[in-house]
**Q** 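Below you'll find the structure I mean.
Fair warning: this is a prediction, and the values are worked out from it, not measured in the lab. What you see below is based on every heavy atom in this structure, not just the backbone, and it leaves out hydrogens, waters and symmetry mates.
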Amino acid sequence: MTKKQRIPWLWVPSLAFSDGLPLVAVMSVSVILYKQLGLSNSAITFYTSWMYLPWILKPVWSPFIDLVKTKRWWVLAMQLLLGAAFGGIAFTIPTSFWLQGTLFFFWAVAFLGASHCVAADGFYMLGLNDRQQAWFMGIRSLADRLATIFGQGLLVMVAGNLQVVFRGSISYSWSLAFYGVAGLFIALWLWHNYALPWPKDDVQRPVESVRSVWQGFLLTFRSFFMKKGVVAALLFIVLFRLPEAFLSKVTTLFLIDSGHNGGLGLSPQEYGLVQGTVGVIGVALGSILGGIVVSRGGLRRWLWPMVAAYALPGVVYVFLSYALPQNLMVINCCVFLEQFGYGFGLTAFMLFLIYYNRGEFRTSHYALSSALMTLSLMVPGLVAGSVQEMLGYRRFFIFVLVTFAVTFGVTLLLRMMGQNVDEAEESEEA
């Protein structure tokens, strides 16, 4: 095996793992950390929802990544800097300026992680041929799920166990846990220095003017908004995930909040098992089943069952907020059910993005759609904690359940006005 050749098994799974972990740390682990450090629900959702911004802006700065160095250089540089940023989080947690310090370094992780995502996506296309790209897509998805289990499950469990060892020292325990993540990224950087191939097409592009880059971006932007049925499609993209945007962070807070506040009072170890392991398995199985049934029956046939399944989390959390079960098996079953429904239902949305963005600017249009989708998750998340504190958990979950009418409404509008699901699917079949 020459210097330029590397077996994909040596680097694809580990690269996908390192690509998924920063997002998990910023969006999920930070919520648990700040809750344990005593921050209010409204402050937690406000601060952490803003961290979606780097992923929203990916289409804007991704062209500039092509102009500086190679994709391999960017991947390695971002991994080393991610190790440093996680080390910064670990260092500042026990200090008197823990809030300002951790927020700064979490923002650094967000920007570095989004840049790593851009570079890694490009590197897959350069380092793998067409057949390998298709074959390793499932491996990449599995590695991404493993990153979620590691972050939401194992890392949270480790922090909880360290709190027992160090007699409840929350800040010191989380600091040690994040030092571990920093060490992991340095190890990944060292491994990928050896394991990543040197694709012959991975070269620095000729320097273009900033004006020409922006002209290309504006052309892509304009062509996206001239697509057929764009109004119905935009409403679908922006509003379909509205309930999830309210739920995503508050459900974590509900699971770990104390009983006198209306929560289930799970310990970090229990949360790591329930949401970080059982829940991740549920969403993975739901997504797999969604892909199977659509491949056999078509999205047109399964759209409404998937939309109905997407509402399961709202129903389950209304039940949990009233029942407040203490049996961990019951809680695990409920979380598995709602995450399975979420994964099954979200498949319809993600497939629509793929179908709708076919054509000449497929990659760029999909990136714009993903940015709009992420923006739709960020904005409601900014106020979700404040709404929950105003209503309480029970009424908040009822409110979210009502917002599922918006999801059903934009789906119906899509079918009535744009019929994009039918037309896109027929185009793919042709």
**Q** Considering only heavy atoms from C-beta outward, does the side chain of R145 approach that of V283 to under 4.5 Å?
**A** yes
**Q** Show me the side-chain donor-acceptor pairs of residues 334-345 shorter than 3.5 Å, one per line, residues at least two apart or across chains.
**A**
unit_1 : atom_1 : unit_2 : atom_2 : d
E338   : OE2    : Y317   : OH     : 3.3
Y342   : OH     : R241   : NH2    : 3.2
Y342   : OH     : E244   : OE2    : 2.7

**Q** Run the side-chain hydrogen bond (donor to acceptor under 3.5 Å, both in side chains) test against N41 and tell me which residues pass, sequence neighbours left out.
**A** K35, Q388, Y393
**Q** I'd like to know if the side chain of S28 reaches the main chain of A25, judged simply by a donor and an acceptor atom lying under 3.5 Å from each other, with no hydrogens or angles considered.
**A** no
**Q** For a quick test of reading the model, state the closest non-hydrogen atom pair linking F408 to A308 and the distance between them.
**A** CZ-CA, 4.0 Å
**Q** Is the side chain of H192 donor-acceptor paired with the backbone N or O of L188 at a distance under 3.5 Å, no angle test?
**A** yes
**Q** Please answer whether the main-chain N or O of F240 pairs with a side-chain N or O of T407 as donor and acceptor at a distance below 3.5 Å.
**A** yes
**Q** Just wondering, are more than 12 heavy atoms of other shown residues or ligands nearer than 6.0 Å to CH2 in W50?
**A** no
**Q** To check you understand the geometry: which heavy-atom pair defines the closest contact between L76 and W189, and what is its length?
**A** O-CD1, 3.1 Å
**Q** Who are the salt bridge (charged side-chain N to carboxylate O under 4.0 Å, His left out) partners of R140, not counting sequence neighbours?
**A** D121
**Q** So M27 and T48, do their side chains get closer than 4.5 Å, heavy atoms only?
**A** no
**Q** Kindly state whether the ring of F236 and the ring of F349 have centres lying under 6.0 angstrom apart.
**A** yes
**Q** Kindly state each residue pair satisfying side chain to side chain donor-acceptor pair (under 3.5 Å) with at least one member in residues 99-108, sequence neighbours excluded.
**A** Y34-T102
**Q** Taking Q132 for its side chain and N129 for its backbone only, find out whether a donor-acceptor pair lies under 3.5 Å.
**A** yes
**Q** Considering residues at least two apart in sequence or located in another chain, which fulfil the side-chain contact (heavy atoms from CB on, under 4.5 Å) criterion with L401?
**A** V315, V318, F404
**Q** Find the distance between CG (N332) and CG (L328) and round it off to the nearest 0.5 Å.
**A** 4.5 Å
**Q** Check whether the side chains of S258 and N261 place a donor and an acceptor atom closer than 3.5 Å, and report yes or no.
**A** yes
**Q** Flag the pair L184 / F86 as yes when at least one side-chain heavy-atom distance between them is below 4.5 Å, and no otherwise.
**A** no
**Q** Side chains of Y47 and S30: donor-acceptor distance under 3.5 Å anywhere?
**A** no
**Q** Check side-chain contact (heavy atoms from CB on, under 4.5 Å) between W73 and all other residues, then give those that pass, not counting sequence neighbours.
**A** K69, T70, A77
**Q** Do L382 and F46 have side chains that approach each other closer than 4.5 Å (heavy atoms only, starting at C-beta)?
**A** yes
**Q** Quick one: are D144 and D19 in side-chain contact, heavy atoms under 4.5 Å?
**A** no
**Q** Show every side chain to side chain donor-acceptor pair (under 3.5 Å) that has at least one partner inside residues 153-162, sequence neighbours left out.
**A** N161-Q269
**Q** Rounded at 0.5 Å granularity, tell me how far CZ in F106 sits from OG1 in T92.
**A** 8.5 Å
**Q** Please report the closest heavy-atom contact between P22 and G113, naming both atoms and the distance.
**A** CB-CA, 4.0 Å
**Q** So which heavy atom on R394 is nearest to which on S321, and how close?
**A** NE-O, 2.8 Å
**Q** Looking at every non-hydrogen atom in both residues, tell me the closest pair between S18 and Q79 and how far apart they are.
**A** OG-NE2, 3.2 Å
**Q** So P268 and Q163, do their side chains get closer than 4.5 Å, heavy atoms only?
**A** yes
**Q** Does any part of the side chain of L303, heavy atoms only, come nearer than 4.5 Å to the side chain of T411, both counted from C-beta?
**A** yes
**Q** With ring pair (Phe, Tyr, Trp, His ring centres under 6.0 Å) as the criterion, how do F91 and F178 come out once you've worked through the C-alpha distance, each side chain's angles and the decisive distance to 0.1 Å?
**A** CA-CA 9 Å; F91 176 78; F178 274 102; over 10 Å; no
**Q** Name the residue from W11, F185, F150 that meets the ring pair (Phe, Tyr, Trp, His ring centres under 6.0 Å) definition with F17.
**A** F150
**Q** Relative to each other, are the rings of Y194 and W191 parallel, tilted or perpendicular (30° and 60° limits)?
**A** tilted
**Q** Between L264 and D257, is the side chain to side chain contact (heavy atoms under 4.5 Å, CB included) condition met? List the steps.
**A** CA-CA 6 Å; L264 295 185; D257 214 343; over 6 Å; no
**Q** Does the side chain of F399 come within less than 4.5 Å of F246's, by heavy atoms?
**A** yes
**Q** Any side chain to side chain donor-acceptor pair (under 3.5 Å) pairs touching residues 171-188, not counting sequence neighbours?
**A** Q36-W174
**Q** Please collect all side chain to side chain donor-acceptor pair (under 3.5 Å) contacts where either partner lies in residues 277-295, sequence neighbours excluded, each pair once.
**A** none
**Q** Could you report the tightest heavy-atom contact between M51 and A110, atom names first, then the distance?
**A** O-CB, 3.9 Å
**Q** Under the side-chain contact (heavy atoms from CB on, under 4.5 Å) test, which residues partner P13, sequence neighbours left out?
**A** W9, I139
**Q** Mind checking salt bridge (charged side-chain N to carboxylate O under 4.0 Å, His left out) for K58 and listing every partner two or more places apart, or none if nothing turns up?
**A** none
**Q** Anything under 3.5 Å between a donor and an acceptor, one on a side chain of residues 371-381, the other on a protein residue two or more places apart or in another chain? List them.
**A**
unit_1 : atom_1 : unit_2 : atom_2 : d
T374   : OG1    : S370   : O      : 2.8
S376   : OG     : M373   : O      : 2.5

